[in-house]
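Written below as structure tokens is the structure these notes are about.
Computed from a predicted structure; not experimentally measured.
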Amino acid sequence: MKKSTLGLAVIAAFPMFSSVQVLAAEDSAQAIEKIQVTGSRIKRADMETASPVTIIGADDIAASGAVSVDSVLQKMTATGGAMTNPGINNGSGGNASIDLRGLGSPRTLVLVNGRRMINSGTGAASTVDLNTIPVSMIKHIEVLKDGASAVYGTDAVAGVVNIILKDNFEGLDLNVKSAITTEGDADETSFDITMGGNFGRGNVVIGLQYTDRGDASQADRSFSDCPLTEDGDGSAPYCSGSSYTPNGHVWSGDESLQGQADNGWHDYDKNIDAYNYSQSSYLYTPMRRLNLTGIGSFDLTDDTRLYSEFTYSKRWSEQQLAAQPVWFDFDYAEWMGDSLIDQNISYGDEISYGRRMVDTGTRDSSQVVDTVRSVIGAKGYLDNGLDWDTSVIFGRNDSVDRLSNLHNMGSIQSEIEAGNFNPLSQSSWSSSSFSDYVYTEQNSGGSQLFMITAALSGELMEVPAGFVGFAAGLERREEKAWYTPDSITSQGLANDPRVDATSGRFDVNEAYLELAIPLVADAYLAQNVELSAAIRAFDYSTFGSDETWKLGLTWRVNDELMLRGVRSTAFRAPTVAELYSGDSPSYEQVNFPGAQDQAEVTVGGNDQLTPELADTVTVGVVYEPEWFEGFSMTLDYYDIEIENAIATVNNQYIVDSCLASDGSLANQSTALCSSANIDFNQSTGRIAFNNQLQNVGYEQTKGYDLNLNYKFDLAGLAWNTSLDVTYLDEYTVDVIESSIDYAGLITSGIGGYADVKANFELDVKGDAWSANYKARYIAGMDSYSCLGKESTCYAPTTPSVVYHDVSGSYFISDMVSLTAGVNNLFDKQPPYYSGNNDSNTDPYTYDVLGRRVFAGVNVKF
């Protein structure tokens, strides 16, 4: 049955419903072609909707040499903050994430074929691990840079990444790819095969991809081979490291002593004694990954189609850190010998002892993660021309993570207290006598998703300007997650304090309605004016019911110019991990007179959390001048305001608020200090306090997105140029009385927020070849650690950075093609900045590998 252009435009605006069409009649096929216009390679070409959309096609992915989708998405100008990637060695768990607008990965919703993806990764995951998405099966990616909770539900605060997989595929597609740096490390090999065929009224597509990624060491790059330290006077940094050193380190009163191999001690000198942990740490983490995909459809009748999707991924990933630092407190006793007596320490004094366990080896983390997702559904037409779609989604993620060469300090502490283990004697720590205290920590976790959906869409009625389109639906979703820590860790017998288990679930019932109402058609300066509206009501088992809404307007002035705008509310419900995560220790940097530089902070979930609430505004213009054929431009302004944000209080703020200048407790009658339960051991200098999640934050980000695109023919070749620019005007985060505008700042732990990011691309195609050039610009940023004290920092800012990538393809025949390229062509090294993150730079923001070459062959049958 033929569908009107307007009705199709409504569905095109919401990719979730684009799959409702059935390939039955010629008219339907023509309609689907219109809906899928956003799947072309022309980015930002969705001129039918009020919201800005970026399209990334399969050819774009191939030209980058990427074998993982994160390496493509994380280079978008609209991303920022702390996106986990292979360059994150400490704490990534092997995951890969996307973070639109730098608002945090949990605020970006990831869909596959318009449907929710299972949260995945290690532990009780709260985000989607992009490693579960097979690059070889991607048809294109649609990135909606607007709040979309009224359409998709929770998490769609910063935007939506909708990954569309290949379907209705016939033939065989085989790819072999390989990459390596010019330093000879971080080698990567990928093999994938996609097979598809028709059988009667159906089609089946099967895909397999296997990837093997090698490692690189921080020791093999000049910028990261030693941790750099500054003296705080603006002088140049120097090689230093950790105060937890081989042979031990003692803190007691005003004394800070370094142990010696002969059982002697001397005053600790950070210029000489600090331990270089970079020599044993990965710069780029290894991984092996297997992805299996199956997509099928069968036309039961001319108006009804059955469909199914199945994805399975298995990941083996690793990280490597320097040998474990261990520490514990005890009273100096006579049986421990007199080696400290000459160092102004007396028997009975309290001692804090730290040591780097180099004799037992590096800390080796590994993860094995299995993720499965299946969809079974049916869709089609009713006799009145309406489209219907119903589906059942099930997903499950299971993980086991191990950390080897840890030490059972609970047992050693007991041995010290019993007088059977002398920590001040070097012989006590020899690997032969210490082996009984070494263990491998093993934790397990997972998450599960079950979802039932039913949708109806089509044309509701005819009005003078056209047809009113609508989409409505019901959804029920159940989620649960869990995390079981190692038994030694959960009992508090490890070096770290005890870690509690996580376990919880919730369910939600939701209903939504969307309308597209044509207001004006074929009038002067109003070729088409359309109002779009959406509302979603939801009822959560954890906090109750509420609703969210969206209003949008598109004003097509003429064939050249369109104005658009959206005002909406969005929400993010707290995840199982945020609600029910067990308490665990985190060691965070703080500054306080007489205290160690790391405080023991207890973090964890809070079952009293309520949803984050957001107001979003997007206003833009689309311009395609007839006088400049092949050129198009979009310019959009965005403003996202989040209230009731789930956050932890700034650790330094807690210390400053809850400790008096003399180290005594302060402000204990306030809710903040009462819940923090801060403790300061002035003998050892150790600070400890609680800082669990709370609804205490407010965030606002605003800026502009500009896209210029020009396609033309010249010298018998097809050319395409594009320029994407994002300007971040403001990103303010308020928690309690702390307010920070991160726009233009780079941090030591949550990534960078460059105020200008730009991507330029030039693509040219001949009859049997194609070539591609990309330039990626990241503006210079100020170090957050140096704000207000720039003169004390050697590098209070980072320079602007530009990366250049080139690639090309040659088509030997219709069946065989070759692709090769170089990323980071000029081997740009990541910048150093004072207050840096890992590797003396920021791996969240910059390329840490340097020049990298890749090549591949594609065979099609």
Side-chain angles (χ1 to χ4, degrees), residues 60-68 70-77 79 83 85-89 177-190 213-228 236-237 239 278-279 281-287 746 751-752 754 756-763 771-781 794-795 797-809 819-833 836-856:
D60 297 310
I61 298 173
S64 69
V67 296
S68 297
D70 57 289
S71 62
V72 177
L73 293 175
Q74 291 181 359
K75 293 179 180 179
M76 294 179 59
T77 61
T79 61
M83 295 178 287
N85 63 72
I88 308 302
N89 180 50
K177 301 177 183 179
S178 185
I180 194 170
T181 71
T182 51
E183 297 289 335
D185 53 16
D187 55 300
E188 189 170 51
T189 301
S190 176
R213 184 179 72 210
D215 65 84
S217 172
Q218 292 183 18
D220 294 333
R221 298 293 191 276
S222 60
F223 65 84
S224 62
D225 61 357
C226 182
L228 299 177
C239 180
S278 295
Q279 292 293 308
S281 296
Y282 282 148
L283 180 72
Y284 199 77
T285 58
M287 179 191 69
I746 190 167
V756 178
K757 297 177 74 174
N759 290 343
F760 172 78
E761 182 173 357
L762 173 63
D763 186 79
N772 180 273
Y773 165 75
K774 295 179 181 178
R776 184 161 59 101
Y777 170 83
I778 303 172
M781 291 172 276
Y794 174 76
T797 63
T798 65
S800 298
V801 172
V802 181
Y803 296 108
H804 302 268
D805 304 333
V806 295
S807 65
S809 297
T819 300
V822 183
N823 291 334
N824 197 349
L825 178 64
F826 299 109
D827 200 23
K828 185 70 175 180
Q829 300 297 294
Y832 168 84
Y833 62 97
N836 56 78
N837 188 2
D838 197 12
S839 305
N840 298 316
T841 186
D842 182 20
Y844 289 124
T845 303
Y846 300 111
D847 174 18
V848 296
L849 284 181
R851 186 185 297 112
R852 184 177 174 88
V853 298
F854 65 88

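- Contact check for Glu188 versus Arg852: side-chain heavy atoms found under the 4.5 Å cut-off.
- Using a 4.5 Å heavy-atom cutoff, the side chains of Met83 and Leu73 are not in contact.
- Remark: side-chain polar atoms of Thr798 are paired, donor with acceptor, to backbone N or O of Met781 under 3.5 angstrom.
- Proximity of Thr819 to Ser809: side-chain heavy atoms (C-beta onward) are separated by under 4.5 Å at one or more points.
- Arg851 contributes atom CZ, which lies 4.5 Å from atom CG of Asp827 (distance to the nearest 0.5 angstrom).
- Listed here is the closest heavy atom pair of Pro843 and Asn837: CD-ND2, 4.0 Å.
- A donor-acceptor pair under 3.5 Å links the side-chain atoms of Ser217 to the main chain of Ala219, judged by distance alone.
- Taking CZ of Phe854 as the reference point, atom CG of Asp805 lies at 7.5 Å (rounded to 0.5 Å).
- Between Glu761 and Asp60, the closest side-chain pair of non-hydrogen atoms falls below 4.5 Å.
- Judged purely by atom type and a 3.5 angstrom limit, Asn840 uses its side chain to pair as donor or acceptor with the backbone of Leu228.
- Here the closest heavy-atom approach between residue Ala775 and residue Val802 is recorded as CB-CG1, 4.5 Å.
- Going from atom OG of Ser64 over to atom CG of Asn772 covers 9.0 Å, rounded to the nearest 0.5 Å.
- Taking CZ of Arg213 as the start and OG of Ser190 as the end, the distance is 11.5 Å to the nearest 0.5 Å.
- You'll find the side chain of Pro831 reaches within 4.5 Å of the side chain of Thr841, heavy atoms only.
- Side chain of Lys75 to main chain of Asn759: no donor-acceptor pair is present (N/O by atom type, distance under 3.5 Å, no hydrogens or angles).
- Each of Asp215, Leu849, Asp220 was checked for a side-chain contact (heavy atoms from CB on, under 4.5 Å) with Tyr284, and the lone residue meeting it is Leu849.
- Residues Ala236 and Tyr794 share a closest heavy-atom pair of CA-CD1, 3.5 Å.
- With rounding to the nearest 0.5 angstrom, the CG atom of Asp847 is 11.0 Å from the OG atom of Ser71.
- Shortest non-hydrogen contact noted between Asp70 and Pro86 is OD2-CD, 3.9 Å.
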- Query: Given Ile778 and Tyr803, is the side chain to side chain contact (heavy atoms under 4.5 Å, CB included) satisfied, shown in steps?
  - Reply: CA-CA 9 Å; Ile778 303 172; Tyr803 296 108; 4.2 Å; yes
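- In this structure a side-chain-to-backbone donor-acceptor pair under 3.5 Å is present from Gln218 to Tyr282.
- Note that CG of Asp838 and CG of Asn89 are 6.5 Å apart. Values are rounded to the nearest 0.5 Å.
- Not counting sequence neighbours, Arg776 has no partner by the salt bridge (Lys or Arg N to Asp or Glu O under 4.0 Å) test.
- Qualifying side chain to side chain donor-acceptor pair (under 3.5 Å) partners for Asp185, counting only residues two or more places apart in sequence or in other chains: Thr181, Arg221.
- Using a 4.5 Å heavy-atom cutoff, the side chains of Ser278 and Ser224 are not in contact.
- By the 4.5 Å heavy-atom criterion applied to side chains, Tyr777 and Phe760 are not counted as neighbours.
- Here Phe826 pairs with His804 under the ring-ring contact (aromatic ring centres under 6.0 Å, His included) rule; sequence neighbours left out.
- At least one side-chain heavy atom of Leu283 sits under 4.5 Å from a side-chain heavy atom of Phe223.
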